[in-house]
Student: 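Would you mind keeping the following structure in view while I ask a few things?
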Amino acid sequence: MSQEVSVDDRMNKLVSLCKRRGFVFQSSEIYGGLKSCYDYGPLGVELKRNVTDNWWRSMVHEREDVVGLDASIIMHPDVWKASGHLDGFSDPLVECMDCHVRFRADKAPRMEPGTEVTFRDAKKKKVTAPVLDRGYVCSDCGSPRLSEERAFNLMFSTHLGPVASEENTVYLRPETAQAMFVNFLNVQQSYRLKIPFGIAQVGKSFRNEITVRHFIFRSCEFEQMEMEFFVEPGSDDEWFEYWKKARLQWYVDLGIDPSNLRLRPHEKDELAHYAKGCSDVEYRFPWGWDELEGIANRTDYDLRKHQEASGKKLEIIDPNREDPNTGKRPFRYLPYVIEPAAGATRAVLAFLLDAYDEEPPSETRKDGRVVLRLHPRVAPIKAAVLPLIKKDENLTARARAIVKEFWGHGINSFYDEKDSIGRRYARQDEAGTPFCLTVDGQTLEEETVTIRYRDDMRQERIEVSQAVDIVRKKVMES
RNA sequence: GCGGGUGUAGCUCAGUGGUAGAGCACUGCCUUGCCAAGGCAGAUGUCGAGGGUUCGAAUCCCUUCACCCGCUCCA
């Protein structure tokens, strides 16, 4: 019990820290805030960019077989008709008049209309009532006394053009994936790609979720990191296994505690209609295990749907191979797709929660400290440069020069001369800055600075001329 | 959307009808100079918002917005 309270506490403390230090603010706060919308402050924007940049680097830049795409958020409405989002996103919801649970009509237990069913009402009394013509009962208590079905379209709609009308209704994308399918041949042909290959995209998606919860975990406007990997049918199982492993490892490599991560295969009844297999990368959030990323074997479902709906062939033509069925060249086929689809904003929350640590008071620090043990690669600021004494212009000038040198090498670093040195270290600990360089009298005499490590507060002296290299190596190699 | 809870300074919170507060944080100066040191001075509030009751509302009533917990959905 006490543990649950402290876990709850951790989330609340993180939300406070996010606001206090400028990671995340509530959107439009001075107007009372807007549901589920959040803004990323000076440190938050750096962290989020580092997360997506590291994803891009690992998925696109460090591979021969994956290329990038940045597609428009508004797409032709037929795309969503073909993908099934226009239908599938209008889930009829029903509320139980007895237990007040809200559930999806299409997932409710079916019953023959007119059947007398016995269930317990709100006062737990046994009641009998006939099943309505709709032919289902409450998925929770079994009551047939239900509200009307109400359709909820989960896509945001707007109009393309100044006059609002049915004909020019368009939608904000509910996922980035469809742009990769629609552009499949454009990318493949322009870049002379051979199967297997992937198309990656990072960007915002929008869903009118029924319930939003858990800070930035589930919001109506969110950021995705998705990659569609096109493979020859038959090799899909192997690639599915490959990407499951690779994606889990990505989080581990960026410092998430492996004991807080797991791969959870979907149950058969949980699988989306298009998927042959799906596994979620889950993180142990304060409220329980929850999804960071889904890796799905989408088969040729999407390309087939778009091929049918658009009337354009989306097949790969391999002139050097014979069709296994006819024995003739070329071999034409629709590739299968393995999709690792990650939530970037969810990853940000996981990185923050996993890094959040409170140290009790110790000999060196009587107040204890709050420290974000972020991996150096995702840390918003890599190095803080601090003159030991503000009054000495020689020290401040030297420190500022060092910061400039870091900037010149593309390393985000920060200059701070305000308050005592201990207080400045504490501020950087809360910001997750892995390294502090302190410029003191010795610096001017022998061109050395102390480097102080966030995680264990250890200090050592290094040559100023090597500072950039040392920090860069620690950021890149750790 | 349903049920329960919360909303007062940047953060954590006290304040149950009678002059809006504390700690930390923040700004300036002095002292100190390697882990949130001390002193002096200072600034800071639509008491979430709107309406009502009252001589008087942070406090009572109504409406609304946002957040948290459960149900539900998803990356």
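Lettering of chains follows the sequences in order, A, B, ..., and the numbering in each one begins at 1.
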Student: Taking atom C1' in both rA25(B) and rC13(B), compute the distance separating them and give it to the nearest angstrom.
Tutor: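 Pairwise C1' distance, rA25(B) against rC13(B), rounds to 14 Å.
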Student: Below 6.0 angstrom between ring centroids: does that apply to W287(A) and F217(A)?
Tutor: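 Between F217(A) and W287(A), which both carry aromatic rings, the centre distance is below 6.0 Å.
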Student: Mind checking the P distance from rU19(B) to rU59(B)? Whole angstroms is fine.
Tutor: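 Approximately 14 Å lies between the P atom of rU19(B) and that of rU59(B).
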Student: Roughly how far, to the nearest 0.5 Å, is the CG atom of N260(A) from the CG atom of D354(A)?
Tutor: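 Between D354(A) CG and N260(A) CG, I get 5.0 Å after rounding to 0.5 Å.
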Student: Would you call the rings of F184(A) and F197(A) parallel, tilted or perpendicular, where under 30° means parallel and over 60° means perpendicular?
Tutor: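 Correct class here is parallel.
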Student: Check whether any side-chain N or O of H214(A) sits under 4.0 Å from OP1 or OP2 of rC69(B), and answer yes or no.
Tutor: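 Yes, such a contact exists.
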Student: Between rG17(B) and rC61(B), how far apart are the C1' atoms? Round to whole Å, please.
Tutor: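 Taking atom C1' in both rC61(B) and rG17(B), they lie 14 Å apart.
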Student: Going by purine N1 to pyrimidine N3 plus the second Watson-Crick contact, or the G-U wobble pair, all under 3.5 Å, which nucleotide sits opposite rG10(B)?
Tutor: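 WC or wobble partner is rC24(B).
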Student: Which base sits across from rG45(B) as a Watson-Crick or G-U pair, both distances under 3.5 Å?
Tutor: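 Across all strands, not a single nucleotide pairs with rG45(B).
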Student: When you check every protein heavy atom under 4.0 Å of nucleotides 29-35 of chain B, what one-letter string (B, S, -) results, 5' to 3'?
Tutor: -S--BBB
Student: If a pair satisfies salt bridge (Lys or Arg N to Asp or Glu O under 4.0 Å) and one of its residues is in residues 36-49 of chain A, list it, with sequence neighbours excluded.
Tutor: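 The answer is K48(A)-E223(A).
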Student: For atom C1', what is the distance between rG42(B) and rG51(B), given to the nearest Å?
Tutor: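 Straight-line distance between the two C1' atoms is 38 Å.
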Student: Determine the interatomic distance between C1' on rU16(B) and the same-named atom on rG56(B); round to the nearest Å.
Tutor: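 One C1' to the other, the span is 15 Å.
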Student: Applying the Watson-Crick and G-U wobble criteria at under 3.5 Å, what pairs with rA58(B)? Answer none if nothing qualifies.
Tutor: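 Paired with rA58(B), as far as the under-3.5 Å criterion goes, is no nucleotide at all.
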Student: Rounded to whole angstrom units, what separation is found between the CD atom of E358(A) and the C1' atom of rC11(B)?
Tutor: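 These atoms are roughly 13 Å apart.
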Student: Check the phosphate of rC11(B) against K19(A), side-chain N and O only, distance under 4.0 Å to OP1 or OP2. Yes or no?
Tutor: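 Answer is yes, contact under 4.0 Å.
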Student: Please give the distance between the P atoms of rG28(B) and rA9(B) as a whole number of Å.
Tutor: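 The same atom, P, in both gives a distance of 24 Å.
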Student: Does E241(A) come within less than 4.0 Å of K244(A), counting only side-chain N to carboxylate O?
Tutor: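 Here E241(A) pairs with K244(A) in a salt bridge, since their nearest N and O are under 4.0 Å apart.
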Student: Between F23(A) (CZ) and rC11(B) (C1'), how many Å, whole number?
Tutor: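 Answer to the nearest Å: 15 Å.
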Student: Any N or O donor-acceptor pair under 3.5 Å from the base of rG70(B) to the side chain of R213(A)?
Tutor: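 It does, because a donor-acceptor pair links the side chain of R213(A) to the base of rG70(B) below 3.5 Å.
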Student: Identify every side-chain donor-acceptor pair in residues 396-403 of chain A under 3.5 Å, counting partners at least two apart or on other chains, and give the distances.
Tutor:
{"unit_1": "T396(A)", "atom_1": "OG1", "unit_2": "E393(A)", "atom_2": "O", "d": "3.1"}
{"unit_1": "R398(A)", "atom_1": "NE", "unit_2": "E447(A)", "atom_2": "OE2", "d": "3.3"}
{"unit_1": "R398(A)", "atom_1": "NH2", "unit_2": "E447(A)", "atom_2": "OE1", "d": "2.8"}

Student: Would Y171(A) and L86(A) count as a side-chain contact (heavy atoms from CB on, under 4.5 Å) if you check the C-alpha gap in whole Å, the side-chain angles of each, and the deciding distance to 0.1 Å?
Tutor: CA-CA 9 Å; Y171(A) 304 92; L86(A) 257 179; 3.4 Å; yes
Student: Is the base of rC74(B) touched by the side chain of R207(A) through a donor-acceptor pair closer than 3.5 angstrom?
Tutor: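 Donor-acceptor pair under 3.5 Å: no.
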Student: Report the base-pairing partner of rC29(B) (Watson-Crick or G-U wobble, both distances below 3.5 angstrom), or none.
Tutor: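 For rC29(B), the partner nucleotide comes out as rG39(B), under the 3.5 Å rule.
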Student: Rounding to an integer number of angstrom, what distance separates rU31(B) and rA14(B) when you compare their C1' atoms?
Tutor: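 Between the two C1' atoms, the distance is 34 Å.
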Student: Rounded to the Å, how far apart are F25(A) CZ and rC11(B) C1'?
Tutor: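 Whole-Å distance recorded here is 13 Å.
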Student: Listing time: all N or O pairs from protein to nucleotides 39-47 of chain B that are below 3.5 Å?
Tutor:
{"unit_1": "rU46(B)", "atom_1": "O4", "unit_2": "I30(A)", "atom_2": "O", "d": "2.8"}

Student: Are any of R427(A)'s side-chain N or O atoms less than 4.0 Å away from OP1 or OP2 of rC26(B)?
Tutor: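 Result: yes.
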Student: Which of residues 34-48 of chain A sit near RNA chain B, with a heavy atom under 4.0 Å from it?
Tutor: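 Output list: L34(A), K35(A), S36(A), Y38(A).
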Student: Out of R369(A), R373(A), K13(A), which one pairs with E358(A) under the salt bridge (Lys or Arg N to Asp or Glu O under 4.0 Å) rule?
Tutor: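 Only one of R369(A), R373(A), K13(A) forms a salt bridge (Lys or Arg N to Asp or Glu O under 4.0 Å) with E358(A), namely K13(A).
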Student: Check the distance between rC13(B)'s C1' and N12(A)'s CG and give it to me in whole angstrom.
Tutor: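 Checked: the CG to C1' distance equals 13 Å.
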Student: Return the set of residues passing side-chain hydrogen bond (donor to acceptor under 3.5 Å, both in side chains) with E62(A) (not counting sequence neighbours), or none when no residue passes.
Tutor: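 If we apply the side-chain hydrogen bond (donor to acceptor under 3.5 Å, both in side chains) test to E62(A), skipping adjacent residues, the hits are R57(A).
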Student: Could you say whether V212(A) or R21(A) is positioned toward the 5' end of RNA chain B, judged by the nucleotide with the nearest heavy atom to each?
Tutor: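 Taking each residue's closest nucleotide, the earlier one in sequence belongs to R21(A).
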Student: Could you work out the separation of rA20(B) and rC24(B) based on their P atoms and round it to a whole Å?
Tutor: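 24 Å, rounded to whole Å.
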Student: Does rC67(B) have a Watson-Crick or wobble partner in any strand here, with both distances under 3.5 angstrom, and which is it?
Tutor: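 The base-pairing partner of rC67(B), which may sit in any strand shown, is rG5(B).
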